[in-house]
Amino acid sequence: MAEQKLGNPAVVGLAGFGLTTMVLQFHNVGWMGIGPVIWLGLVFGGLAQMIAGLQEMKTGNNFGYCAFTAYGCFWIALALILIGNHFNIYVSSKTDIGWFLVVWTLFTAILWVGSMRISGALALTFTLLLIGFVLLDLAHFGYPGLTVVAGYELMLCALSAWYIMAHLIFADVFGRDVLPVGKAWI
Amino acid sequence: MLLLRNCALALLFATFGGVATAADDDSATPEEAITKVWSAARFLQDKGVSGFAALNSKDGPWVWKDSYVFAFDCRLDRMVAHPMRPDLVGRPIMQITDNNGKYIFKELCKAGSQRAGGWVEYMWTRPGAGAVSRKLSYTMTAEIAFSTGIRVAAGVYNDTYSIAELTELTAKMADPEKYPAH
C-alpha cells in the first residue's frame, strides 16, 4: 500500500505569519486602520498559524512546532490586548505593550539562532523579524517615529516568509525547486 | 455643578484679589490648556484607545470653563474625540477650514508633530457663543501603541495672545529651571 501523501503544515503557518505581519505593517505605516489587523490576527495569524504549529509536532520539526505555535499565540494575544484596550478590560499602556514586545524580542532571538542552521531564507526572515521587534521596542520606549521604519522593515520580513511558503508550494506543484531557499548560514 | 464651582472660584478671586481679572474667570487660560493637553496625552498613553470615551464625555475632567480637550488622528484623517461636537467624531478632518480659509487640522497636525507640541491660531465657535472667535490651541502627540498619528489639543479664546508668547510660556512650563522667575 502506497503511503498517503501529507501536506506540510509550514505552508499554512508561513502564509498566516506573512499575511498578518504584512497587514499590521500597512497599519503601522499609516495606510489603513487597525480593524482588519485584529480579525486577521485572531483568525489567520492566530488560529490558523497556531494549528499549523501544533501539526508540526507530528512531522518531528521542533523549530516549526515552537515557532508557528508561539507566533500564533502572539497574534491572538496582541489582538486580545487591542480588543481589551478598546473595551477597557485589563487595559495595557503603551509601556505595557512595549514590555510585551520585549519578551517576544528575546524569544525571537533564540529562534533566530536556530533559523541560521536551517536555511538562508529562514535565517533572513528571522533576522528581519528580530530587527523589526527591536525597532518596535524602541518605538514603544521613547522613539515613536521608529514605528514607520519597523513597518517597512517588517514588510520585507513578511515577504521573505512568503518566499519560503512559495518555495514549498512551488516545489510541490512544479515537481522541482523553483525558488531555492539557500544554504544555512551556520 | 460647573456653574457652582465657577461661582466659588469667582468668590475666591474676589476675596483674595486673584491675578485673573473678573472678566476672565470663565475663560480658560493658556496655562490650563497646556496642563490639560499634557495630562490628556499622559492619560491616553496609559489608557490606550479606551481613553477616547472619557475624552468624548462632557462631564469629565477634560471639559472646563469655556474650553475642552479634543483628539484627532493625523494619519487616518479623522476626529477621535470631541466632547462639544460629537457629529465630527469619526469624520475626516483635513478638509476643515475656518472662516479665513485656513486648514485648521493640517496646521494642528504640523504643530503637534514637534517634540514639545505647538500652538495654532484659527477661528472657531466658543462653546455657548453664536459667532466664531479667535482661538489659539495647543496640541501635542499622544503616544498610543500601534497608533502613531494621535494628537490631543485644547485651546483658549482670546484676541491678544501671540503664538510666540504662548510658545515661550509652554517652554517655561516644560522646563521651569531654564527660565528662572527673576
Side-chain angles (χ1 to χ4, degrees), chain A residues 20-21 23-38 40-41 74-75 77-102 104 132-133 135-152 154, chain B residues 37-57 59-62 71-81 89-94 105-106 108-118 139-152 174:
Chain A
T20 318
T21 302
V23 88
L24 175 63
Q25 308 326 315
F26 287 178
H27 168 76
N28 278 343
V29 300
W31 295 343
M32 58 177 274
I34 196 85
V37 179
I38 290 182
L40 277 171
F74 167 86
W75 281 113
L78 182 66
L80 292 177
I81 284 175
L82 295 170
I83 291 172
N85 269 11
H86 184 81
F87 289 105
N88 215 349
I89 308 165
Y90 300 128
V91 167
S92 308
S93 72
K94 180 155 186 175
T95 312
D96 296 337
I97 294 180
W99 286 111
F100 167 83
L101 292 168
V102 166
W104 283 100
F133 265 123
L135 289 170
L136 283 179
D137 294 342
L138 293 171
H140 285 73
F141 289 103
Y143 303 93
L146 288 178
T147 303
V148 178
V149 182
Y152 290 113
L154 285 169
Chain B
V37 167
W38 286 348
S39 337
R42 179 72 223 186
F43 173 74
L44 286 184
Q45 191 173 342
D46 288 340
K47 297 285 282 178
V49 290
S50 67
F52 293 155
L55 290 185
N56 270 315
S57 160
D59 306 317
W62 310 112
F72 45 98
D73 191 326
C74 295
R75 268 184 177 277
L76 298 181
D77 180 14
R78 67 180 176 219
M79 188 75 82
V80 293
V89 175
R91 315 280 303 175
I93 47 172
M94 293 305 177
F105 286 91
K106 281 185 185 166
L108 284 169
C109 286
K110 210 165 93 186
S113 62
Q114 302 169 72
R115 199 161 179 81
T139 177
M140 72 181 296
T141 301
E143 290 192 25
I144 295 186
F146 297 109
S147 302
T148 44
I150 305 289
R151 309 267 190 279
V152 283

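In the text below, chain A, chain B and the rest are named by the order of the sequence lines, each starting its count at 1. All heavy atoms count here, side chains included; hydrogens, waters and symmetry mates do not.
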ask   = So what's closer than 4.5 Å to chain B heavy atoms on A:I81: side chain, backbone, both or neither?
value = neither
key: salt bridge (charged side-chain N to carboxylate O under 4.0 Å, His left out) contacts in which one or both residues fall within residues 26-36 of chain A, not counting sequence neighbours   = none
ask   = With a 4.5 angstrom heavy-atom cut-off, which part of B:L76 approaches chain A: side chain, backbone, both or neither?
value = side chain
May I have a list of the donor-acceptor pairs under 3.5 Å that connect chain B with chain A?
residue : atom : partner : partner atom : Å
B:Q45   : O    : A:K94   : N            : 2.9
B:K47   : NZ   : A:N88   : OD1          : 3.2
B:S50   : N    : A:N85   : O            : 3.0
B:S50   : OG   : A:N85   : O            : 3.2
B:R75   : NH1  : A:V29   : O            : 2.6
B:E143  : OE1  : A:K94   : NZ           : 3.4
B:F146  : O    : A:H27   : NE2          : 2.3

Chain B interface, residue from A:V29, A:L136, A:I34 that has the most non-hydrogen pairs under 4.5 Å = A:V29
task = Under 4.5 Å heavy-atom distance to chain B, tell me which part of A:L146 shows up: side chain, backbone, both or neither.
result = neither
message = With heavy-atom distances below 4.5 Å as the criterion, would you say the side chains of B:F146 and A:V37 are in contact?
response = no
